[in-house]
Amino acid sequence: MTHLRYDPQWVEKKWQAIWGAVNGFAVDAVLDKPKYYVLEMFPYPSGNIHMGHVRNYSIGDVVARCKRMQGFNVLHPMGWDAFGLPAENAAIKHRTHPVQWTYANIDAMRAQLKRLGYSYDWAREIATCRPEYYRWEQVFFLRLLQKGLVYRKKSSQNWCPSCNTVLANEQVIEGLCWRCDSRVEQKDLEQWFLKITAYGDELLNDLSRLESGWPARVLAMQRNWIGKSVGATVRFGLVKTHAEASAIEVFTTRPDTLFGVTFITLAPEHPLVESLIAGHAKADVVRAFVKRIRNMDRIDRQSDILEKEGVFTGAYALHPFTGERLPLWLSNFVLADYGSGAVMGVPAHDQRDFDFARKYGLPVRVVVCPRGEAPDADTMDSAYTGDGHMVNSGSFDGLRSEDGKKAVADALTREGKGAADTQFRLRDWNISRQRYWGAPIPVVYCETCGHVPEKEENLPVLLPLDALIGADGRSPLPDTPSFVDCVCPKCGAPARRETDTMDTFVESSWYFARYTDARNANAPFSRDALNYWLPVDQYIGGVEHAILHLLYSRFFTRVLRDMGFFPGDLSEPFTNLLTQGMVLKDGFKMSKSKGNIVDPTEMITQYGADAVRLFCLFAAPPERDFDWSAAGIEGAFRFLGRVWRLFVEEHARILPLTACCATEGDVRDEQAAALRRKEHLTVKKVGDDMGERFQFNTAIAAVMELVNAMYIARDTLTMGEADRRIFSSAMATVLTLLSPITPHICEELWERIGHSTRIFDQTWPVWDPSATTRQVLTVALQVNGKLRGTLEAPAGAGKDVLEQLALADASVKRHTEGLTVCRVVVVAGKLVNVVAG
RNA sequence: GCGAGAGUGGCGGAACUGGCAGACGCACCGGACUUAGGAUCCGGCGCCAAUGCGGCAUGGGGGUUCAACUCCCCCCUCUCGCACCA
């Protein structure tokens, strides 16, 4: 027999060739079995697979292979999130074209994935930069435009000076660009927006339906991001007559504190500022303040240590109920882009307002009392922000906060001075990017007709591949006449094509649906395929996408549903979400600058893909970070060698059996019974851990235990025909259970055992409870809850018998000496606790 | 500050519904086989005490219970996310 030593290079090359020759992991075309759609977040084709990818895809592959063996028709696809800025940067750096760089990277990374033996249906591979893909996105865009869910708006936008493009709010992390960490600037631009806020309520409310399948952390982050606040809008009439407005609006979550308002504060950017200060003696002071605050760095301005400061405008507003004059201030802690950009100052019941009032000597008025005692406005040293009952609030006195909120809002509505209202933190999604390497936005600009949608039959609007990116990194599209020059779809006059491209997050918002029918040339997907495959049963990826990608995908799913592309009952794209932890090295995230990168390819070359996969899954539970260690991968490799050796050394006695096929009749002695018992218990544990709980580390540990038991059994069994059946069954079980994790070695040994089928096509073994029962059980003996010994007792022994045996035990006797036994707790088959005092 | 999660041997981690804490692996120590071993196999391995008995241990403190890593209350530490959102 060849290859007595475990040589992963040889084994893996052999099996990858076999799988590759026939697209060995194609999905069953007949859609009659129950389906299971497992998806890993597709990679950006940067050129290299890193260890984080390996962990992500290894988890997905185990789930895919395991579910397939358990009888599901499994969809397990892979593709490339191929548009994006790195391609442009690389093109400039290497004097190539993004399209060449991208496709070369895809080829390289696909080869790396194939070396890892993942069971993807490669016939469904997609790359979002292909016209066959993005043309459907352009169709969606036009339909969204029709529905009024896309619109153009000029406003202050996040601008990354390094990427030369705008960014969505979600893409600004602590004031920095999500990609390149440059400081984000503000720039007034007219851009295309997707109306994600129209789905704010639904996106928020439906999170509760994901509670059983998504990590609480991700749900919390999404809730936080959407940021719904319920309260009321209040209109304060302006004292002076101003040309632009007669009232100023504020939003509050605490209408019950309306009578505690002692001032109004506006953001420096508030549009009414100039008209409010017109004619005011100190108008210049106010203008200087506005200028200073507006020029502050965005990060500094949002810093939590920033001192609250403000300036009085000289103008007053009127309280809607009392008619009291309230001074109008500007301050640096009011955000222009939330609510109406103005807040009512209630110092007694809001800490910021309190700090502000104390600093500038503004009055403090208590209007909500915690049970019984009223805080003293003069001596209180912080705001009382809790609930209570209303005081000093006219006819509302005595109402509890909850009722007060509603009563005040109702009164505002009655008197036309406001209404109950809801605010979201979520902003509409700016999808315009001033970049080249993205999907063109299918709109043209006509002098007479304005912005006109391209006709659907003219799609795709192709991204020109002959455009060259200049050294300055700016998009070449505006300077590419073949792209820009076109005719107006409406009037036929010469027109200019939109040169902004779409945010690449648009592509990743619907790719999971394209996989269901990836080669469809007539439609983005067929209804039958969607009905069968969606939603994704298990989605796996990094937590860094908790807001951006997952929120956009949830939004897109609803939009496509409401436009009739998706089934009407489909709202959530991903039923279950697993966010895997990071792979660290020496306690830190792997990075070029730290120089602590472990290259998967090197590890595969040294230990084989099976060992790399095994270690990634064994080192820690999937959600947790784990530290890559040289010793750890050695250990994984050693275990596979141990399995290999067990097979090779016992080869002559191993029969071509399948898992769990030895029977009760094959059991000759206790050694054989023990091995068979271990085998079936392992099948039970691995099935639960791998298929239900996704605890691969404990599943692997269980298989290791079975292998250890087999090493003992081969010396204790007499290895007659019956024993061989027991032993061979256990061997088949080891290989079958391990095959989703380390498929190459398992296929090889399966074949060497004498099977002509693939282990990939084996059905998951079924454990037999009767094989796991024991005649004699070990029972723990406790005295007052402390372990004092163990006892071998017949399995059927009753409580009385166990109690008698326990009390007769020498160790128990010793520890109860001089004490009175007052109670004996017996847990059948497990433990006896003698309570004595 | 708000939200989520974590805290168990030298290390990664087990213990799923309260029932023998430390499975499995790494590291380490000892032995076997060897010209050799960084291969392989066997054994040991929480801490204190040690001949045995035993005592102490799951971040700290309380509580419930016959029994607590697990449930309840208080506190500490760490990680991640959000953060002047009115």
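Chain letters run A, B, ... following the sequence lines, proteins first, then strands; residues in each count from 1. These numbers were taken from a predicted model, which means no experiment stands behind them.
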S.K.: Residues in salt bridge (Lys or Arg N to Asp or Glu O under 4.0 Å) with A:E544, at least two apart?
M.R.: none
S.K.: In whole Å, what separates the C1' atom of B:rU79 from that of B:rG31?
M.R.: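 Result for the C1' pair: 44 Å, nearest Å.
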S.K.: Just to verify, what does A:E803 make a salt bridge (Lys or Arg N to Asp or Glu O under 4.0 Å) with, not counting sequence neighbours?
M.R.: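 So A:E803 forms no salt bridge (Lys or Arg N to Asp or Glu O under 4.0 Å) with any residue.
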S.K.: Applying salt bridge (Lys or Arg N to Asp or Glu O under 4.0 Å), name anything that partners A:R55, two or more places apart in sequence or on another chain.
M.R.: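 For A:R55 there are no salt bridge (Lys or Arg N to Asp or Glu O under 4.0 Å) partners, ignoring immediate neighbours.
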S.K.: Starting at CD of A:Q423 and ending at P of B:rC85, how long is that distance when rounded to a whole Å?
M.R.: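 The answer, rounded to whole Å, is 14 Å.
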S.K.: Name the nucleic acid region contacted by A:N708, choosing base, sugar-phosphate or nothing; use a 4.0 angstrom heavy-atom cut-off, strictly under.
M.R.: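 The residue A:N708 makes sugar-phosphate contact but no base contact.
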S.K.: I need a per-nucleotide contact map over nucleotides 41-48 of chain B, read 5' to 3'. Cutoff is protein heavy atoms under 4.0 Å; write B for the base, S for backbone only, - otherwise.
M.R.: S-------
S.K.: Taking side chain to side chain donor-acceptor pair (under 3.5 Å) as the definition, give me every residue that meets it alongside A:R624, ordered by chain and number, with sequence neighbours left out.
M.R.: none
S.K.: Which nucleotides of nucleotides 13-22 of chain B have their base under 4.0 Å from a protein heavy atom (B), which only their sugar-phosphate (S), and which neither (-), written as one string 5' to 3'?
M.R.: SSSB--BB--
S.K.: May I ask you to say what A:V334 touches in the nucleic acid, namely base, sugar-phosphate or nothing, with a heavy-atom cut-off under 4.0 Å?
M.R.: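 Base contact.
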S.K.: Could you list the residues that satisfy side chain to side chain donor-acceptor pair (under 3.5 Å) with A:H549, not counting sequence neighbours?
M.R.: A:Y539, A:S553
S.K.: Look only at the side chain of A:Q351 and the backbone of A:A383, and say whether a donor-acceptor pair between them is shorter than 3.5 Å.
M.R.: yes
S.K.: What's the gap between B:rC82 and B:rG63 when it is taken at their P atoms, as a whole Å value?
M.R.: 41 Å
S.K.: Pairs of donor and acceptor atoms involving the side chains of residues 581-590 of chain A, under 3.5 Å and at least two apart or interchain, shall be tabulated with distances.
M.R.:
none

S.K.: Detail all sub-3.5 Å separations between protein N/O atoms and N/O atoms belonging to nucleotides 28-38 of chain B.
M.R.:
none

S.K.: For A:H349, report the nucleic acid contact type (base, sugar-phosphate, nothing); a contact means any heavy atom under 4.0 Å.
M.R.: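 Since no nucleic acid heavy atom lies under 4.0 Å of A:H349, the category is nothing.
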S.K.: Starting from Watson-Crick (N1-N3 plus N6-O4 or O6-N4) and G-U wobble pairs under 3.5 Å, report the runs of at least three that RNA chain B belongs to.
M.R.: B:1-7 with B:76-82, B:10-12 with B:24-26, B:28-32 with B:40-44, B:46-48 with B:54-56, B:59-63 with B:71-75
S.K.: Report, one line per pair, each donor and acceptor closer than 3.5 Å where one atom sits in a side chain of residues 829-837 of chain A; sequence neighbours left out.
M.R.:
| from | atom 1 | to | atom 2 | distance (Å) |
| --- | --- | --- | --- | --- |
| A:N833 | OD1 | A:N784 | N | 3.4 |
| A:N833 | OD1 | A:G785 | N | 2.9 |

S.K.: When rounded to the nearest Å, what value does the distance between P atoms of B:rA27 and B:rU77 take?
M.R.: 36 Å
S.K.: Kindly say if A:R217 contacts the phosphate of B:rG81, meaning a side-chain N or O under 4.0 Å from OP1 or OP2.
M.R.: no
S.K.: Only counting residues at least two apart or in another chain, list the ones meeting side chain to side chain donor-acceptor pair (under 3.5 Å) with A:T252.
M.R.: none
